[in-house]
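What follows is one structure encoded as structure tokens, with my remarks underneath.
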There are 2 protein chains.
Amino acid sequence: MARAGLTTERLVEAGAELADEVGFEQVTVSALARRFGVKVASLYSHLKSSHDLKTRIALFALEELAGRVADALAGRAGKDALAAFADAYRDYAHEHPGRYDATRLRLDPETAARSAGVRHAQMTRAILRGYDLAEPDQTHAVRMLGSVFHGYVSLEMAGSFAHTAVDTEESWSWVVDSLDALLRNRAVPGTTSGTGAPERESRPAG
Amino acid sequence: MARAGLTTERLVEAGAELADEVGFEQVTVSALARRFGVKVASLYSHLKSSHDLKTRIALFALEELAGRVADALAGRAGKDALAAFADAYRDYAHEHPGRYDATRLRLDPETAARSAGVRHAQMTRAILRGYDLAEPDQTHAVRMLGSVFHGYVSLEMAGSFAHTAVDTEESWSWVVDSLDALLRNRAVPGTTSGTGAPERESRPAG
DNA sequence: GAAGTCGCCTACAGGTTTTAGGCAAATATG
DNA sequence: CATATTTGCCTAAAACCTGTAGGCGACTTC
């Protein structure tokens, strides 16, 4: 009987695809075995458990997303960087809803510390270099940015914005503009932060 | 044999408690039957399915949360109302983590439209009355507030903020202050919005 | 080509979901 | 109070998912 050539990596990758197709919740060892045309028990040589599979998918997605964000951020600073970060994040969620859900899996602290999650936090801090924030404001801002981006994407994907006619794209721009203005207002006074004194930001077209 | 006195309501309520104890994910028809000391099949006279149970718990939690927010908002306006809304939301999540998770369940549009979710949106809009925002800015702001609150609480509960020493309570105040300042800056110029011209907001103590 | 490792298999045990049908307790009817 | 009806919880059983143990054939290595 020909071998299927299973490896942990291939299983995780296929699991990520499966998540995008049927939802992360519905990713199951059985479904994955079916997809490879092998018996369920065969997967347990490569995976410790169902939870292990989900954790690996989450780590994979975090890594992939971090890569995208890093690419988007390259060579940008200030508001440009902020918008690029935001869009990379949101685009990934739209393109890979299952993997995005996977990144929201609760990891135990041990695993979280080794994950690409720390890169996300570092990149967020890097963006804030364009805004001259002192500690602890910088940490507050990191948390706020993470909250807004994650919250917006989650609610949008959950359909929470669907009942109102206003374009979600427009709201997204408005939010990013607002965050930029907010961070500029929070900047330490007296430093040269590029654009100089905080001004009223331009309103989006609508 | 004595009857257990099962009703859909009692099951949903017990399911909500169970969610707080073991996590919403772990809420199962079997576990619920165990808790009532009855056989699993007995619950299917009161619940259509496992998904039905989870949906009902979600609706219950949304309703309960809406009630709390409404209480918190009574008699308040402006930044007071904003902070009360935010705290009510976050306190509920801390007090009832399982129920809070339940409110994040994806509902089909039909169900969502009949849920207390719409009350949440209305109350958010009510807060914005203190900030003189014109459409579509008002809708953008509703979405932003929802995103920040939901995102912050989600990340905080997932432990995403645990790796940094800064107090999450302090960050929360910072975020609420920032949102207040942001909304005041976004207000339509020329209207009497209480505090008059937008000023630099006071920094939190830290 | 023999020896040993590795990969996928069969078999099985335990748990959850859901349907179908039965019996007894509660309730309504005369 | 006796009887008829409804209702509530039960047993039984099928389908599916998780996880463990052990086997056998297929690759690797020399």
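Naming: A, B, ... by sequence-line order, numbering from 1 per chain.
The phosphate of C:dT17 (OP1 or OP2) has a side-chain N or O of B:S50 nearer than 4.0 angstrom. For D:dC10, one of the phosphate oxygens OP1 or OP2 lies less than 4.0 angstrom from a side-chain nitrogen or oxygen of B:S42. OP1 or OP2 of C:dC8 sits under 4.0 Å from a side-chain N or O of A:H46.
Salt-bridge annotation for A:R68 and A:E95: present, with a side-chain N of the basic residue lying under 4.0 Å from a carboxylate O of the acidic one.
As rounded to whole Å, 12 Å separates atom P of D:dT20 from atom CG of A:D52. When rounded to the nearest whole Å, the span between NZ of A:K39 and P of C:dC9 equals 7 Å. Rounded to a whole Å, the CG atom of A:L43 is 10 Å from the P atom of D:dT18. Taking atom CG of residue B:L47 and atom P of nucleotide D:dG8, one finds them 13 Å apart after rounding to whole Å.
Remark: A:R114 CZ is loosely packed, at most 12 non-hydrogen atoms of other residues, nucleotides or ligands lying under 6.0 Å away. The environment of CD in A:E9 is sparse: at most 12 heavy-atom neighbours from other residues, nucleotides or ligands sit within 6.0 Å. Residue A:R35 qualifies as enclosed at atom CZ: its count of foreign heavy atoms under 6.0 Å is above 12.
Between A:H96 and A:Y100, the ring centre distance reaches or exceeds 6.0 Å.
Judged by a 6.0 Å distance limit and a 45° cone about the ring axis, B:R186 is positioned over the six-membered ring of A:W174.
The side-chain hydrogen bond (donor to acceptor under 3.5 Å, both in side chains) pairs that include a residue from residues 159-168 of chain A are A:E156-A:T168, where partners are two or more places apart or lie in different chains.
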| request: Could you check A:R90 against A:E169 for salt bridge (Lys or Arg N to Asp or Glu O under 4.0 Å), going step by step and ending with a plain yes or no? | output: CA-CA 11 Å; A:R90 180 160 172 260; A:E169 213 67 47; 2.9 Å; yes

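Contacts between residues 11-35 of chain B and DNA chain D, defined by a heavy-atom separation below 4.0 Å, involve no residue at all.
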Distances under 3.5 Å between nitrogen or oxygen atoms of protein and nucleotides 19-22 of chain C:
none

